[in-house]
Enquirer: 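Take a look at the following structure, please.
Everything numeric in this text was worked out from a predicted model, so none of it was measured. Numbers here are sequence positions counted from 1.
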Amino acid sequence: MAVLIEWLEKNKTHWGILREDGLTKLQVMTLSGKNISVSAKRFFLRHIVNEDPAEYIAALQKEADEVDAGLLHSELRGGGEYDLSDLTRLWYSRQEPGVREKAVLLSACLRGEKWFKADPSGRIRAATEEEILRRERDEERRLRARSALEDMVKLLRDCLESGQKACRKQPKTLQNIQDDLLDFLLQRHRLEHNSILKDALAALADEGRIGHEEAARRILQSLDSMPDPYSLFMAKFSSAFIPGDESPEYFFQPLCSRYPLVESESVDRLISDVTDLLPSLPDADVKTVFSIDHVGTKEVDDALSVGIPENGRVCVGVHVAAPGLFIPEGSPVHSAASRRTTTVYQPDCKWAMLPKELIELFSLHPGRRIPVVSGYFTFQEKDLSFIGEEFRLETMDSVQNLSYAEIEAKLEGDFLTGYKKGNGHRDGGYSPERTAVDDLPYHKKEDFPHALGEAFDHLVPLARFLALQRNEGKAPFARRREFNIKVLSEKDIRIEQRPRSGIVENVVTELMIWMNSRVALQLSRAGLPAIYRAKRDIVVSETYTQRSRAGLTVNPREHSGIGAGMYCWVTSPIRRYADLINQRQLGSLIGGHLPAFTDESELLVRAKRMEFQTRTAQIHQRRMERYWTLRWMEQHAGEPFPVTLRSLDNKMFVLFDNLPIDLDLNPEETGQKEGPALFRIEQIDFYALEFKGSVLPSKME
């Protein structure tokens with residue numbers, strides 16, 4: 001014998017087996033086996049049964065189906081509230097109906113929701129005529145919506161199976177479906193305005209056990225209206241990166257850079273204004289000035305110089321292009337830069353922050369007079385201790401444009417030596433041990449330019465000194481694998497691993513970090529609002545430090561990731577909007593005029609938009625790097641790729657030795673232990689950017 005408890009909750013009956021009877025609480029086990037508490041003060045019915053509870057409830061529900069709720073309602077006053085016992089007496093014509101009859105009638109009233117509503121106390125309210133009509137209309141709408149949903153699911157299913165042949169009778173509906181699904185894939189909206197299509201897509205995705213985006217993609221592919229993978233990624237990024245585009249593109253051609261659209265009249269006026277101002281600016285009094293960038297770089301933001309040592313001191317110059325001092329706030333060019341906030345590089349093209357004409361105007365190329373903001377830093381030649389600094393607005397016309405590869409090939413040695421293996425990196429990171437600068441020789445080859453050789457004799461030890469100084473005890477120089485992906489044509493893709501221990505790139509990096517940190521210090525001391533980059537790690541214990549993510553802020557705080565007391569971007573104003581703003585603030589210090597920005601809250605809003613745009617750009621850049629890597633793999637699919645198997649966190653990572661890509665598998669899928677192996681490509685999905693294949697034993701084994 002069991003005691004069944006039935007209670008009301010949200011206009012539905014719930015059942016459970018009584019375990020403990022208390023004054024305030026009933027301990028009940030639901031039919032699914034969950035133990036819960038039911039208030040003894042709320043409405044409930046107590047059934048004593050000798051049969052299986054499920055069979056008892058099924059029989060009770062069958063009896064409830066025979067009750068005519070509409071007939072019962074006709075005997076009552078609309079809008080009146082009735083006790084369940086009174087209604088049961090009325091229906092069964094019994095003086096004292098039992099608990100079973102009450103349960104049957106309660107269930108019948110709950111099913112006849114058009115006529116009745118029950119509250120948690122067990123009282124039943126009879127609907128008025130107006131309420132009945134409204135509920136009937138609501139039911140009709142639900143039926144129509146259900147029918148429309150079923151029709152839409154059938155239409156989408158037919159499109160999947162037969163393509164456009166199945167949809168010839170509904171060309172307008174078909175076009176709307178295509179447009180909405182395409183906008184959904186491009187993340188322009190989430191189909192809220194077309195709930196029927198949204199629900200039908202969800203139903204179809206559930207049927208195939210696939211994601212909603214994949215279901216939409218398959219439908220568009222069956223209708224021959226799906227953009228190719230490259231165009232899909234580009235259009236999706238364009239929608240996010242340049243919101244509000246009134247004429248969105250759906251199809252993109254590779255190797256075509258995207259510059260902001262700014263009316264030519266505004267650009268020409270700005271070029272004319274800059275040209276007119278140049279004669280009033282002093283010329284930089286330095287002879288050997290050089291920039292070092294990757295081959296093909298058009299946006300040359302910065303350059304270096306080294307003065308002739310005097311009295312045991314050496315002066316190092318960092319020279320930065322000066323668009324921030326010449327592009328007016330509120331101008332069309334400034335508005336375009338503030339919308340994009342950054343230049344996005346992908347292997348085959350770029351999305352520039354500034355118009356092409358202004359990039360050419362401000363980039364530090366030789367042969368013409370260019371405005372720059374220069375930071376001159378004086379150090380003791382012997383012990384490299386810092387003495388002082390000066391910032392100037394000036395012009396120069398003798399910059400040598402060099403490439404990392406060109407100069408690195410003429411040097412021998414590492415930037416820092418004494419590397420030790422790092423932990424926690426699937427690709428095997430390495431970090432340098434603390435080493436004295438005097439113990440780090442490097443060698444210049446015979447063909448190294450003489451003038452540059454003298455400069456590098458000062459820059460290399462200085463950069464090493466700065467690196468070790470700012471990273472005292474932290475050793476964050478992880479030597480992770482990095483690659484250059486160059487797309488010369490769709491069939492000519494080149495992937496080269498880039499060494500991270502090279503002297504030249506680290507020299508440039510250290511001098512730019514120094515310039516940025518010194519500008520941040522000057523802006524902070526002057527009380528000028530600026531956009532800083534900060535990262536503060538929290539030491540929880542001697543063995544654990546809680547790592548944080550670097551972000552933009554208006555508060556001059558520590559950047560623990562690079563070991564700087566405070567830090568702001570200022571050395572890439574052609575490519576980043578934060579640098580452009582900070583350079584304008586620095587210009588007010590140099591020129592002694594009022595700053596362009598005095599409200600920190602305004603800069604904070606801009607900083608948060610920059611962070612969002614930067615994250616969007618990073619996701620797109622990684623996506624396109626993977627896309628072109630997979631294209632390269634497709635062209636070499638017949639060749640087994642050398643890989644290294646590395647086990648980490650109960651997974652086996654397949655690291656491609658010469659490619660910026662990896663794959664994580666269950667250890668059972670590889671059938672091998674850690675070490676060298678080969679991988680054969682079997683299938684590539686360019687829309688999902690995924691690939692499958694098999695691990696083969698290494699030939700060395």
Enquirer: Between His14 and Glu6, does any side-chain donor sit less than 3.5 Å from a side-chain acceptor?
Expert: no
Enquirer: Considering only NZ, NE, NH1 and NH2 on the basic side and carboxylate oxygens on the acidic side, decide whether Arg46 and Asp21 come within less than 4.0 Å.
Expert: yes
Enquirer: For the CG atom of Leu155 and the CG atom of Leu197, what is their distance to the nearest 0.5 Å?
Expert: 9.5 Å
Enquirer: Among side-chain atoms of Arg125 and Tyr82, is any donor-acceptor pair under 3.5 angstrom?
Expert: no
Enquirer: For Phe251 and Asp228, what are the C-alpha separation, side-chain angles and deciding distance, and is it a side-chain contact (heavy atoms from CB on, under 4.5 Å)?
Expert: CA-CA 8 Å; Phe251 295 93; Asp228 60 275; 4.2 Å; yes
Enquirer: Can a salt bridge be assigned to the pair Asp86 and Arg89 using a cut-off of 4.0 Å between side-chain N and carboxylate O?
Expert: yes
Enquirer: Counting only N and O atoms by type, is there a donor-acceptor contact under 3.5 Å from the side chain of Ser238 to the main-chain atoms of Met234?
Expert: no
Enquirer: Do Lys12 and Leu110 come close enough that some side-chain heavy atom pair is under 4.5 Å?
Expert: no
Enquirer: Is the distance from the ring center of Phe237 to that of Tyr230 below 6.0 Å?
Expert: no
Enquirer: What closest approach, in Å, do Gln613 and Ala240 show between heavy atoms, and which atom pair accounts for it?
Expert: OE1-O, 3.8 Å
Enquirer: Got a second to check how far Arg646's CZ is from Phe653's CZ, nearest 0.5 Å?
Expert: 10.5 Å
Enquirer: For Thr598, check side-chain hydrogen bond (donor to acceptor under 3.5 Å, both in side chains) against everything at least two apart and list the hits.
Expert: none
Enquirer: Output every pair passing side chain to side chain donor-acceptor pair (under 3.5 Å) with a member in residues 96-107, not counting sequence neighbours, ordered by first then second residue.
Expert: Gln61-Ser107, Glu63-Arg100, Ser85-Lys102, Arg94-Glu101
Enquirer: Distance from His212 atom NE2 to Leu204 atom CG, nearest 0.5 Å?
Expert: 10.0 Å
Enquirer: Can you tell me how far apart CD (Glu602) and CZ (Phe597) are? Round to the nearest 0.5 Å.
Expert: 6.0 Å
Enquirer: Between Lys25 and Glu20, does a salt bridge (Lys or Arg N to Asp or Glu O under 4.0 Å) hold up when you go through it step by step?
Expert: CA-CA 8 Å; Lys25 295 285 185 181; Glu20 185 177 339; over 6 Å; no
Enquirer: Checking Phe686 against Glu634 for the side-chain contact (heavy atoms from CB on, under 4.5 Å) test, could you report, in this order, the C-alpha distance in whole Å, the side-chain angles of both residues, the deciding distance, and whether it holds?
Expert: CA-CA 10 Å; Phe686 286 101; Glu634 179 189 44; 3.6 Å; yes
Enquirer: Within this structure, what is the CG-CD distance for the pair Leu160 and Glu207, rounded to the nearest 0.5 Å?
Expert: 9.5 Å
Enquirer: State whether the side chain of His73 and the backbone N or O of Phe116 hold a donor-acceptor pair below 3.5 Å, judged by distance alone.
Expert: no
Enquirer: Using modelled atom types and a 3.5 Å cut-off, is there a donor and acceptor pairing between side-chain atoms of Asp179 and backbone atoms of Leu182?
Expert: no
Enquirer: One thing to verify: whether Arg123 and Glu81 come together as a salt bridge, which I'm taking to mean a side-chain N less than 4.0 angstrom from a carboxylate O.
Expert: yes
Enquirer: With side-chain contact (heavy atoms from CB on, under 4.5 Å) as the test, would you mind laying out the steps for Arg576 and Met610 before giving the verdict?
Expert: CA-CA 9 Å; Arg576 281 191 306 240; Met610 284 181 239; over 6 Å; no
Enquirer: Would a distance-only check, ignoring hydrogens and angles, find a side-chain to backbone donor-acceptor pair under 3.5 Å from Ser338 to Ser335?
Expert: yes
Enquirer: Main chain of Leu689, side chain of Arg626: is a donor-acceptor contact present, judged purely on distance under 3.5 Å?
Expert: yes
Enquirer: Check the side chains of Glu131 and Trp115 for a donor-acceptor pair under 3.5 angstrom, ignoring hydrogens and angles.
Expert: no
Enquirer: Considering non-hydrogen atoms only, spot the tightest contact between Ala103 and Leu60 and give its length.
Expert: CB-CD1, 3.5 Å
Enquirer: Locate the shortest heavy-atom distance separating Leu603 from Ile531; write the atom from each residue and the value.
Expert: O-CD1, 4.0 Å
Enquirer: Closest approach of Ser601 and Asp599, non-hydrogen atoms and distance?
Expert: OG-OD1, 2.6 Å
Enquirer: Donor-acceptor pair, Thr343 side chain versus Met353 backbone, under 3.5 Å?
Expert: yes
Enquirer: Distance-only, no hydrogens or angles: does the Glu674 side chain make a donor-acceptor pair with backbone N or O of Ser647 under 3.5 Å?
Expert: yes
Enquirer: Are any side-chain N or O atoms of Thr616 and backbone N or O atoms of Phe241, one a donor and one an acceptor, separated by less than 3.5 Å?
Expert: no
Enquirer: Would a 4.5 Å heavy-atom cut-off, applied to side chains only, mark Leu87 and Leu76 as touching?
Expert: yes
Enquirer: Just checking Phe612: does its CZ atom have more than 12 heavy atoms from other residues, nucleotides or ligands closer to it than 6.0 angstrom?
Expert: no
Enquirer: Between Glu139 and Arg142, is there a salt bridge with N-O shorter than 4.0 Å?
Expert: yes
Enquirer: For the residue pair Tyr627 / Arg631, report whether a side-chain donor-acceptor contact shorter than 3.5 Å exists.
Expert: yes
Enquirer: Please report the closest heavy-atom contact between Glu600 and Pro529, naming both atoms and the distance.
Expert: CG-CB, 3.9 Å
Enquirer: Report the C-alpha distance between Leu106 and Leu8 in whole Å, list the side-chain angles of each, state the deciding distance to 0.1 Å, and finish with yes or no for side-chain contact (heavy atoms from CB on, under 4.5 Å).
Expert: CA-CA 10 Å; Leu106 175 61; Leu8 269 172; 4.3 Å; yes
Enquirer: Salt bridge or not between Arg135 and Glu113? Use side-chain N to carboxylate O under 4.0 Å.
Expert: no
Enquirer: Quick one: do Arg218 and Glu214 make a salt bridge, cutoff under 4.0 Å?
Expert: yes
Enquirer: Look at the aromatic rings of His47 and Trp15 and report parallel, tilted or perpendicular, splitting at 30° and 60°.
Expert: tilted
Enquirer: Between Phe656 and Phe679, does the ring pair (Phe, Tyr, Trp, His ring centres under 6.0 Å) criterion hold? Intermediate values first, please.
Expert: CA-CA 8 Å; Phe656 287 73; Phe679 190 90; 5.4 Å; yes
Enquirer: In terms of heavy-atom contacts, does CG of Leu143 have more than 12 from other residues, nucleotides or ligands at under 6.0 Å?
Expert: yes
Enquirer: Any side-chain heavy-atom pair from Val643 and Leu655 closer than 4.5 angstrom?
Expert: no
Enquirer: Applying side chain to side chain donor-acceptor pair (under 3.5 Å) to Gln346 and Trp628, what does each step give before you reach the verdict?
Expert: CA-CA 9 Å; Gln346 59 186 71; Trp628 286 111; over 6 Å; no
Enquirer: Please determine whether side chain to side chain donor-acceptor pair (under 3.5 Å) holds for the pair Tyr577 and Arg609, giving the CA-CA distance in whole Å, both sets of side-chain angles, and the decisive distance to 0.1 Å.
Expert: CA-CA 11 Å; Tyr577 184 60; Arg609 171 158 176 75; over 6 Å; no
Enquirer: Evaluate the side-chain proximity of Tyr687 to Met226: yes if any heavy-atom separation is below 4.5 Å, no if none is.
Expert: yes
Enquirer: Within this structure, what is the CG-CZ distance for the pair Leu186 and Phe184, rounded to the nearest 0.5 Å?
Expert: 10.5 Å
Enquirer: Do Tyr92 and Val104 touch side chain to side chain, with heavy atoms closer than 4.5 Å?
Expert: yes
Enquirer: Compare all side-chain heavy atoms of Gln178 with those of Leu223 and state whether any distance is below 4.5 angstrom.
Expert: yes
Enquirer: Before giving the answer on salt bridge (Lys or Arg N to Asp or Glu O under 4.0 Å), spell out for Glu611 and Lys608 the whole-Å C-alpha distance, their side-chain angles and the decisive distance to 0.1 Å.
Expert: CA-CA 5 Å; Glu611 284 191 333; Lys608 293 309 172 185; 3.5 Å; yes
Enquirer: Could you tell me whether the side chain of Leu90 reaches within less than 4.5 Å of the side chain of Leu72, counting heavy atoms only?
Expert: yes
Enquirer: Between His620 and Phe233, does the ring centroid distance fall short of 6.0 Å?
Expert: no
Enquirer: Measure across Ala336 and Pro260 and return the closest heavy-atom pair with its distance rounded to 0.1 Å.
Expert: CB-CB, 4.0 Å
